[in-house]
Amino acid sequence: MGAVLDAADRALREEYPHFIVTAFMAMIDDEGVKTYANAGHPRPLMRLLDGSVPELAGGGLPLGLRTRGDEQYPTAELIAGSVLVCVTDGLMEAACDYELGEARLRAILADRTFDTAEDPAALIAAPSSTARYVTTSQS
């Protein structure tokens, strides 16, 4: 996994030396154990059967800022019936407020209707559907 991120980092630095790019990658085996690496991407969330939504630990610098040897490759167990949710920061920023966007995403995932959603990805991606989950008060 480190070799892939290192190669991507080198390629980015050679072609676009002033750019940074976030990335997340995971390797999942037959037993549901995954090893993952996060290069500056929003932390993935795991929607568990009880409706809780913990985030996966770990993180690292984006491509273009990484240093070899600093990587961490945590593991997590995928529990049958759980949902691993990996999103781009653009999803949260679509709300024009990253924290509000993240709160909306967490609320959608925690809502029991997520279990029976015909198209969970569309539910998450549709900005209008997230409005009913989180409201802000104006002072």
Side-chain angles (χ1 to χ4, degrees):
M1 190 170 320
V4 173
L5 288 178
D6 286 343
D9 188 67
R10 279 191 308 275
L12 178 69
R13 288 173 189 246
E14 287 174 15
E15 291 292 320
Y16 303 98
H18 302 294
F19 282 38
I20 60 171
V21 174
T22 65
F24 174 82
M25 65 181 294
M27 294 172 52
I28 301 171
D29 66 23
D30 293 337
E31 296 174 7
V33 175
K34 66 179 174 40
T35 302
Y36 59 93
N38 191 343
H41 216 59
R43 289 186 177 175
L45 303 173
M46 181 86 69
R47 198 321 181 133
L48 302 177
L49 292 172
D50 66 1
S52 62
V53 186
E55 71 180 31
L56 297 184
L61 292 173
L63 303 178
L65 298 176
R66 298 175 76 242
T67 330
R68 291 182 72 172
D70 289 344
E71 301 87 6
Q72 295 179 0
Y73 306 112
T75 60
E77 182 180 350
L78 290 174
I79 301 164
S82 61
V83 178
L84 176 64
V85 180
C86 303
V87 299
T88 177
D89 51 357
L91 179 73
M92 268 76 91
E93 292 167 354
C96 297
D97 179 330
Y98 189 94
E99 290 177 9
L100 177 61
E102 184 177 8
R104 287 177 174 174
L105 174 61
R106 287 178 174 278
I108 288 168
L109 296 175
D111 191 304
R112 284 288 173 201
T113 59
F114 185 80
D115 294 332
T116 57
E118 200 171 301
D119 186 353
L123 181 65
I124 290 169
S128 60
S129 70
T130 61
R132 70 183 177 124
Y133 290 97
V134 178
T135 57
T136 57
S137 60
Q138 307 231 346
S139 39

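We count residues from 1, following the sequence as given. Every value quoted in this text rests on a predicted model; they were computed, and no experiment measured them.
Considering NZ of K34 and CE of M25, their distance stands at 13.0 Å, rounded to 0.5 Å.
Look at E102 and R106 and you find a salt bridge, because one of the NZ, NE, NH1 or NH2 atoms lies within 4.0 Å of a carboxylate O, short of that distance. Salt bridge status for D9 with R13: present, with a side-chain N to carboxylate O gap under 4.0 Å.
Looking at heavy atoms from C-beta onward, L63 lies out of side-chain contact with F19 at the 4.5 angstrom threshold. Residues N38 and P44 form a side-chain contact, since some pair of their non-hydrogen atoms from C-beta on lies under 4.5 Å apart. Counting only heavy atoms from C-beta outward, the side chains of I124 and L109 approach each other to under 4.5 Å. For the pair V83/F114, a side-chain contact is recorded, criterion being any heavy-atom separation below 4.5 Å from C-beta on.
The side-chain contact (heavy atoms from CB on, under 4.5 Å) check on M27 picks up M1, with sequence neighbours excluded.
Panel note: side chain R43, backbone A57; no donor-acceptor pair is recorded below 3.5 Å. Between the side chain of H41 and the backbone N or O of V87, at least one donor-acceptor pair lies under 3.5 Å.
Of all the heavy atoms in L5 and A37, the pair that sits closest is CD1-CB, 3.5 Å. Among all heavy-atom pairs drawn from R47 and D115, the shortest one is NH1-OD1, 2.7 Å. Here the closest heavy-atom approach between residue L49 and residue S82 is recorded as CD2-N, 4.5 Å.
Just one residue in the list V53, V85, L123 forms a side chain to side chain contact (heavy atoms under 4.5 Å, CB included) with I108, and that residue is L123.
Alongside I28, the hydrophobic cluster contains F24, Y36, M46, L48, L56, L78, I79, L84 (criterion: ILVMFWY side chains under 4.5 Å).
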